[in-house]
Amino acid sequence: MALPFARSWSLCRWGAKRWGAAAGEARRGISFKLEEKTAHSSLALFKGDTGVKYGLVGLEPTKVALNVERFREWAVVLADTAITSGRHYWEVTVKRSQQFRIGVADVDMSRDNCIGVDDRSWVFSYSQRKWHTMLANEKAPLEGIGQPEKVGLLLEYEAKKLSLVDVSQVSVVHTIQTDFQGPVVPAFALWDGELLTHSGLEVPEGL
């Protein structure tokens, strides 16, 4: 179920500059930060809002500003820059996390859901030392990549593809065929440790 602010709100939220960022940067990917207004109260942002860490207790919900953008039930945070076209690549450094999800989601996905649970987000999940793809709460196991220190994500909007990249080998581990219907944003969920994002990167040669 879409949120009340829906796509008309999204156009205003991200603005003309960010909205058009993808079109003019064929090789260098989007540059984004994490949007604090979307972060669940158990998550804290750091390093200029490029990293996120999980807290077992987290912030007191009464001390977190209430708004329709914030995830209410799940430890999820979205990036602040929407993608509507082009090929984009970013990396994620994993620090002491054994359970997390990384991918993309519709800008107006329900804030009552976790990424990977509905059909408006596309993610790679790491849990119990195993990787899976996730869509609409359906999991499929992945092989060929172990416990990561850093991984990459390659988004090809027009081709409707999202790929998990082995940074050490500069090779695609697996590609999800997506069903984008509008603007999407990088999306993250975690239940321990930290994730640090690296954006504004060029798509590596050979990908």
Side-chain angles (χ1 to χ4, degrees), residues 18 21-34 50-52 76-95 97-107 109 114-190 195-207:
R18 286 173 176 168
E25 299 179 354
R27 184 158 183 80
R28 183 172 296 279
I30 59 165
S31 180
F32 64 81
K33 293 185 177 182
L34 303 179
T50 61
V52 57
V76 176
V77 63
L78 303 180
D80 65 356
T81 306
I83 302 170
T84 59
S85 64
R87 301 177 79 237
H88 303 275
Y89 176 78
W90 60 94
E91 294 179 347
V92 180
T93 297
V94 181
K95 296 184 177 181
S97 182
Q98 298 295 318
Q99 188 175 7
F100 60 88
R101 299 175 188 177
I102 55 177
V104 296
D106 278 2
V107 295
M109 73 166 286
C114 187
I115 56 174
V117 171
D118 61 14
D119 62 355
R120 305 321 310 162
S121 56
W122 302 265
V123 305
F124 295 98
S125 170
Y126 184 80
S127 179
Q128 298 179 337
R129 300 183 179 181
K130 295 180 180 179
W131 282 95
H132 294 83
T133 61
M134 284 195 71
L135 173 63
N137 218 25
E138 294 290 330
K139 288 185 177 182
L142 296 181
E143 303 293 340
I145 184 170
Q147 183 171 356
E149 292 184 0
K150 181 183 287 186
V151 294
L153 288 176
L154 174 65
L155 174 65
E156 301 172 90
Y157 190 90
E158 285 80 7
K160 297 188 175 183
K161 293 180 179 180
L162 178 69
S163 299
L164 180 67
V165 176
D166 184 334
V167 173
S168 63
Q169 302 294 325
V170 194
S171 61
V172 170
V173 176
H174 186 83
T175 298
I176 300 174
Q177 191 66 48
T178 70
D179 183 28
F180 300 143
Q181 299 296 319
V184 295
V185 289
F188 309 86
L190 74 161
L195 300 178
L196 181 62
T197 65
H198 313 275
S199 63
L201 306 175
E202 290 189 355
V203 177
E205 293 288 344
L207 292 184

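If you read the sequence from its start, that first residue is 1, and numbering goes on from there. What you see is a predicted model, and the numbers here were worked out from it, not measured in a lab.
Remark: E149 CD is loosely packed, at most 12 non-hydrogen atoms of other residues, nucleotides or ligands lying under 6.0 Å away.
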Under 3.5 Å, which donor-acceptor pairs link side chains of residues 153-162 to any protein atom two or more places apart or in another chain?
residue, atom, partner, partner atom, Å
E156, OE1, R87, NE, 3.3
Y157, OH, G182, O, 2.6
E158, OE1, G86, N, 3.0
E158, OE2, G86, N, 3.2

List, one per line, each side-chain donor-acceptor pair under 3.5 Å for residues 128-148, sequence neighbours excluded.
residue, atom, partner, partner atom, Å
W131, NE1, G146, O, 3.2

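Contact record, P183 with T84: CB-CG2, 3.8 Å, taken as the closest heavy-atom pair. Summarising the geometry of G152 relative to V167, their closest heavy-atom pair is N-CG2, 3.5 Å, with the distance given to 0.1 Å. Taking both residues in full, the closest heavy atoms of S121 and G116 are given as OG-N, 2.8 Å, listed atom of the first, atom of the second, then distance. Across every non-hydrogen atom of A82 and V185, the tightest pair is CA-CG1, 3.7 Å. Closest of all the heavy-atom pairs between P204 and V170 is CB-CG1, 3.6 Å. The nearest pair of heavy atoms linking P186 to I83 is CD-CD1, 4.4 Å.
For the atom pair CZ (R120) and CZ (F180), the distance works out to 9.5 Å, reported to the nearest 0.5 Å. A distance of 6.0 Å separates CH2 in W122 from OG1 in T178, rounded to the nearest 0.5 Å. Atoms CZ and CG, on F32 and L78 in that order, are 11.0 Å from each other to the nearest 0.5 Å. Taken to the nearest 0.5 Å, the OH atom of Y126 stands 9.0 Å off from the OG atom of S97. Considering OG of S125 and CZ of R101, their distance stands at 5.0 Å, rounded to 0.5 Å. The distance from atom CG of D106 to atom CD1 of I115, rounded to the nearest 0.5 Å, is 12.5 Å.
With T50 contributing its side chain and K33 its backbone, the two residues share no donor-acceptor pair below 3.5 Å.
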Audit row: V151, V165, side-chain contact (heavy atoms from CB on, under 4.5 Å) steps and yes/no
CA-CA 6 Å; V151 294; V165 176; over 6 Å; no
Is there a side-chain contact (heavy atoms from CB on, under 4.5 Å) between I102 and V123 once you walk through the steps?
CA-CA 5 Å; I102 55 177; V123 305; over 6 Å; no
Apply side-chain contact (heavy atoms from CB on, under 4.5 Å) to residues V92 and H198 and explain how you reach the verdict.
CA-CA 6 Å; V92 180; H198 313 275; 5.9 Å; no
Would you sort out whether L195 and V94 count as a side-chain contact (heavy atoms from CB on, under 4.5 Å), showing the intermediate values?
CA-CA 5 Å; L195 300 178; V94 181; 4.1 Å; yes
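Legend: residues meeting side-chain contact (heavy atoms from CB on, under 4.5 Å) with Q169, ordered by chain and number and at least two apart, are D166, S171. The salt bridge (charged side-chain N to carboxylate O under 4.0 Å, His left out) test applied to K150 returns E91, not counting sequence neighbours. S199 pairs by the side-chain hydrogen bond (donor to acceptor under 3.5 Å, both in side chains) definition with nothing, not counting sequence neighbours. Not a single side-chain hydrogen bond (donor to acceptor under 3.5 Å, both in side chains) links S127 to another residue, sequence neighbours left out.
Here the side chains of L207 and V172 are in contact, with some heavy-atom distance below 4.5 Å.
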